[in-house]
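For reference, the structure discussed in these notes is given below.
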Amino acid sequence: MAPILHVIPTPQSPASPKTTNTLSTPLRGLESCSTMSELKQFQAQIIKLGLSCDNDAMGRVIKFCATFESGDLNYALQVFHKLPNPDTFIYNTIIRGYLQSQLLKESLLFYSHMLERSVRPNNFTFPLVIRACCIDNAVEEGKQIHGHVIKFGFGFDKFSQNNLIHMYVNFHFLEEAMMVFDSMYEKDDVSWTTLISGFAQLGYLAEAFRVFDSNSEKSSVCWNAMISAYVHNNQFHQAFALFERMMSEDVVIDNFIAASMLSACTRLGALKQGEWIVEQVKKSRIDLDSKLATTIIDMYSKCGCLDKALQFFKGLPRKGISSWNCMIGGLAMHGKGEAAIELLKEMESKKVAPDYITFVNLLSACAHSGLIEEGKYYFHYMKEAYGIEPGMEHYGCLVDLLGRAGLLEEARKIIKEMPMSADVGVLGALFGACRIHKNIELGEIIGKQVIELEPQNSGRYVLLANLYAYAGRWEDVANIRKLMNDRGVKKVPGFSVVELEGVVSEFIAGGRTHPQAKEIYAKVNEILDCIKSAGYVPDSDGLQQDIDEEERENPLYYHSEKLAIAFGLLKTKPGAVLRITKNLRVCKDCHQASKLISKVYDREIIVRDRNRFHHFKDGECSCKDYW
DNA sequence: ATAGGGTTAG
């Protein structure tokens, strides 16, 4: 994109004298408006008072129209164009309006206009235009604006500096970001967190840590920035280590740190640690706002404790919409479709209006439980009862629902007829259904599409290769593998973690690095013998022929999940529940084996996979083999 | 009137 700013006129001193008004009643009224029609009534009164060209009065009108949710930016512009001498505040407000609508060109154009008309930008102007440059990576404009910041004398304005750091991180210009940061005499929390989390988002964890560590007066906010940097990069053990260091330095836990740590526990499936954080929240006087409550519900659900999630949810004095949604999502993951529908009804009886996400989660609950008729019903119901138009996510759930049930043609028809074109998520749902129902023809078409839409997603290649393998099309299998190689896409290695007494152990398929590897493998062999006599037959889902016939051991035997279960059986007393978390989906063979293990060893095994939960008990799984 | 950190599906 060509730079928009051509002119940098020399600024002149501000011209228009300030009108002084005592705040009259209609002006006061403006402050309490909530709709455009209300606003227009007050505006009419103001105009009658002869204030139609008054910057102070019209500035308030413009502020409402340009920046409030119920406003109207075009109307703000009409008012603006009637003003003979709009002031800096008014220009800033219009720029803010464009910024909120993510309109880069328009915001910068207005900034240009203000310079051309010699209206002097102030300390509020630059943070806005700097942010505007982030919208479409307007690098050239961003550099120019940086020049203006200095030229107009705001080089040491903290708000401008912090926003410049943000902008350069956004451009991936790490050196420039560091330079602005280093030039600051007094860095505040925002400076530290912007740089640390900015580096972390780009994957530069070591740099982020160096910045963090160089802060001699770390606030809670700064600690959280680094902890959440680790969490976002899946470095959970690092997050825990840093958290412990923080505790040892007597830093007080706040909402954000609690939320970040809960998120780490959730992602790891570390229930014990998660519960400990919840205890800390209860003990300290951290305000349990609805966001934190949602995080806690999510932790319990995703660590496999649906009952504790429900208990916590029910005990909440005030339930925000996100808490209801999260609870419905939790029920969905555990395959409790009917209970999810009940919760929706309870919500309605308590006059809490469900929203867009409520129905995403509800439809997902129907899909996971095979509630086909109910799912279709609620898909229409949300629009009829609440006027919620189905969005991409709802279509994704509907396609998932139909596809899982084997109604592939119906799912395909939905995709054809939906008002927007299906995104990779929706197509991915159909592709997943092709895998379940082994529909090679459709799977090949859709699989190729999703691979091209997301060429870096390794799972899609693997799925298509498996589909080919199932059909015995080995040449196509090889081609897919080659394509992956050529594009440098790496298979995500599968791993499983099991939490025992608060210690989380991680296993990868066939891995032997665990200090007790020998015992674990012996235990797996013992388990296999036991379940074989109970009827276990290795099930590679038709994929086995691809493996070298000479290979002595079946790699299926040492999938990470089986290793984790073996370790769990070794380390726990009879009867204890095993909780396992996987990064990928459970394979058919491990699913079958887990069912038998739960029976033969009389253990409840709760496995969380990428998508959902499996509760194995007495030789059965809660998913009823529908996953 | 300005900025940074947390949650909700597959």
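Order of the sequence lines sets the chain letters (A, B, ...), proteins ahead of strands, with each chain counted from 1.
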Classify the nucleic acid contact of [X] as base, sugar-phosphate or nothing, counting any heavy atom under 4.0 Å across all strands shown.
X        : value
A/Gly425 : base
A/Asp157 : nothing
A/Lys187 : nothing
A/Ser322 : base
A/Phe89  : base
A/His368 : sugar-phosphate

* Asked: Ring of A/Phe124 versus six-membered ring of B/dT2: centres under 5.5 Å and planes under 30°?
  -> no
* Can A/Phe256 be classed as stacking with the base of B/dG6, given a centroid separation cut-off of 5.5 Å and a plane angle cut-off of 30°? -> no
Select one nucleotide: of [options], the one nearest the side-chain heavy atoms of [X].
X        : options              : answer
A/Asn92  : B/dA1, B/dA9, B/dT2  : B/dA1
A/Arg404 : B/dG5, B/dG10, B/dT2 : B/dG10
A/Gln201 : B/dG10, B/dG5, B/dT8 : B/dG5
A/Asn325 : B/dT8, B/dT2, B/dA1  : B/dT8
A/Ser228 : B/dG5, B/dA1, B/dT8  : B/dG5
A/Ser263 : B/dG10, B/dT7, B/dT2 : B/dT7

* For the pair A/Glu249 and A/Lys218, find out whether any cationic side-chain nitrogen is under 4.0 Å from an anionic carboxylate oxygen. => no
* To do: Return the set of residues passing ring-ring contact (aromatic ring centres under 6.0 Å, His included) with A/Phe431 (not counting sequence neighbours), or none when no residue passes.
  => none
For residues 176-185 of chain A, run the donor-acceptor check on the side chains, cut-off 3.5 Å, and write out each pair with its distance to 0.1 Å, sequence neighbours left out.
from     : atom 1 : to       : atom 2 : distance (Å)
A/Ser183 : OG     : A/Val180 : O      : 2.7

* Sequence neighbours left out, what passes side-chain contact (heavy atoms from CB on, under 4.5 Å) with A/Cys326? Give chain and number order. => A/Thr294, A/Ile297, A/Asp298
* Structure fact -> By side-chain contact (heavy atoms from CB on, under 4.5 Å), A/Ala411 pairs with (sequence neighbours left out) A/Val399, A/Leu402, A/Leu430
* Can a side chain N or O of A/Lys158 be found less than 4.0 Å away from OP1 or OP2 on B/dT2? -> no
* Sorted by number, the residues of residues 290-298 of chain A with heavy-atom contact under 4.0 Å to DNA chain B -> A/Lys291, A/Leu292, A/Thr294, A/Thr295, A/Asp298
* Asked: Taking the six-membered ring for Trp, are A/Tyr91 and A/Phe80 ring centroids under 6.0 Å apart?
  -> yes
Show the atom names and distances, to 0.1 Å, of all donor-acceptor pairs under 3.5 Å that link a side chain in residues 328-343 of chain A to residues at least two apart or in another chain.
from     : atom 1 : to       : atom 2 : distance (Å)
A/His334 : ND1    : A/His615 : NE2    : 3.0
A/His334 : NE2    : A/Ser301 : O      : 2.9

* What is the distance from CZ of A/Arg131 to P of B/dA3, rounded to the nearest Å? -> 7 Å
